[in-house]
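Worksheet: one structure, shown below.
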Amino acid sequence: MKLQLLRNATQVLTINDKRLLIDPMLGPKGAYDTIIMTDNGLRNPLVDLPVNPQDIVRQIDAVLLTHLHNDHWDPVARELLPKDIPLFCQAGDEDKVREAGFTKVTPIDDSVTWQDLSIHRTSGRHGTGEIGTLMGRVSGYVLNDLYLAGDTIWCQEVQTAIDTYHPKHIVLNGGAAQFIKGDPIVMSIADIKKVRAYAPDAQLIIVHLEAVNHSKQSRQQIKAAFPDQNVLVPDDGELFYI
């Protein structure tokens, strides 16, 4: 398998000779308003893509969505992607994806098989308390021995996914994104440490960093917290084998 981080949670996974585009946010730097209930006024994304989005779109075989928040499924992605591309999403999101014109949409409630590739859906919690409820349902996916946790904090659902699938590689959305009230809505360094302790033999890959204006923890901070602990913090555009 090969994984390339493009920006935020947008990645290209090459698996079974197929290329899956994960959570595409393809708009240029500053294309979108600052996220509500934040205090710095910065427009999103904070950085440009390291590649031409048209080039990426031409090279992929399918799209995999964890949920439909703008930083995972943005208007530019909806415009650029072919409307007949195979697209997989969590059950409950399919109607909105079809309303955008996509014709080959497969909702995943438990698991599906496509081109001899099994995709298993996992659950998560996109924050705590009232904020977590307002953020809505989110999913992760397991493909072979790779677990894409999605936008979640450390929780029982993540623990269950690790217990069920015993992944060798775990992609975590880090950065401790947070509003002006409430707790982080994705993995903080403290959460990543809990995953590290619970799955000590797995390689952790931390993405979702330095691209949206409510992210609080940087690549440098995360690297400093996990020296020599099989924790990879890739740069935007970085391609690596797993």
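Quantities reported herein were computed from a predicted structural model and do not represent experimental measurements.
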Excluding sequence neighbours, so at least two apart, what forms ring pair (Phe, Tyr, Trp, His ring centres under 6.0 Å) with [X]?
| X | value |
| --- | --- |
| His126 | His67, His69 |
| Phe226 | none |
| Tyr147 | none |

Rest of the hydrophobic cluster containing [X] (Ile/Leu/Val/Met/Phe/Trp/Tyr, side-chain heavy atoms under 4.5 Å)?
| X | answer |
| --- | --- |
| Tyr241 | none |
| Trp73 | Leu6, Val12, Leu21, Leu26, Tyr32, Leu49, Val51, Ile56, Val57, Ile60, Val63, Leu65, Leu68, Val76, Leu80, Leu81, Ile85, Leu87, Val97, Phe102, Val105 |
| Leu20 | Met1, Leu3, Leu5, Leu13, Ile15, Ile22, Leu64, Phe88, Ile108, Val112, Trp114, Leu117, Ile119, Tyr141, Leu143, Leu146, Leu148, Val171, Ile205, Val207, Leu232, Phe240, Ile242 |
| Leu239 | none |

Reported [atom1]-to-[atom2] distance for the pair [X] and [Y], which is rounded to 0.5 angstrom:
| X | Y | atom1 | atom2 | value |
| --- | --- | --- | --- | --- |
| Cys89 | Arg121 | SG | CZ | 11.0 Å |
| Ile153 | Lys194 | CD1 | NZ | 8.5 Å |
| Gln217 | Met187 | CD | CE | 12.0 Å |
| His166 | Asp201 | NE2 | CG | 11.5 Å |

side-chain hydrogen bond (donor to acceptor under 3.5 Å, both in side chains) pairs, two or more places apart, involving residues 9-21: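 Listed by first then second residue: Arg19-Gln59.
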Qualifying side-chain hydrogen bond (donor to acceptor under 3.5 Å, both in side chains) pairs with a residue from residues 89-99, counting only residues at least two apart or across chains: Gln90-Asp93, Gln90-Ser139
Between [X] and [Y] (side chain of the first, backbone of the second, donor and acceptor by atom type, cut-off under 3.5 Å), is there such a pair?
| X | Y | result |
| --- | --- | --- |
| Asp23 | Ala9 | no |
| Arg7 | Val47 | yes |
| Thr152 | Ala149 | no |
| Asn40 | Asn213 | yes |

Establish whether [X] and [Y] are linked, either directly or via other cluster members, by ILVMFWY side-chain heavy-atom contacts under 4.5 Å.
| X | Y | answer |
| --- | --- | --- |
| Val142 | Ile162 | yes |
| Met135 | Ile180 | yes |
| Leu134 | Phe179 | no |
| Leu172 | Ile185 | no |

Test of understanding: with side chain to side chain donor-acceptor pair (under 3.5 Å), list the residues that count as partners of [X], not counting sequence neighbours.
| X | result |
| --- | --- |
| Gln54 | none |
| Asn8 | Asp71 |
| Gln220 | none |

Are any of the side-chain heavy atoms of [X] and [Y] separated by less than 4.5 Å?
| X | Y | answer |
| --- | --- | --- |
| Leu209 | Ser218 | no |
| Ser215 | Glu210 | no |
| Thr66 | His72 | yes |
| His120 | Thr164 | no |
| Asn44 | Leu46 | yes |

[atom1] of [X]: more than 12 outside heavy atoms within 6.0 angstrom?
| X | atom1 | answer |
| --- | --- | --- |
| Lys216 | NZ | yes |
| Asp116 | CG | no |
| Gln229 | CD | yes |

Carboxylate-amine/guanidinium contact Arg125 Asp191, below 4.0 Å: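 No, Arg125 and Asp191 are not salt-bridged.
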Residues Asp33, Arg43: salt bridge by 4.0 Å N-O rule: yes
At their closest point, which heavy atom of [X] faces which heavy atom of [Y], and how far apart are they?
| X | Y | value |
| --- | --- | --- |
| Arg196 | Leu204 | NH1-CG, 3.5 Å |
| Ala161 | Thr122 | CB-CG2, 3.8 Å |
| Pro45 | Gly27 | CG-O, 3.8 Å |
| Pro75 | Asn70 | CD-OD1, 3.2 Å |
| Ile189 | Ala225 | CG2-CB, 3.7 Å |
| Gly174 | Val186 | O-CG2, 3.5 Å |

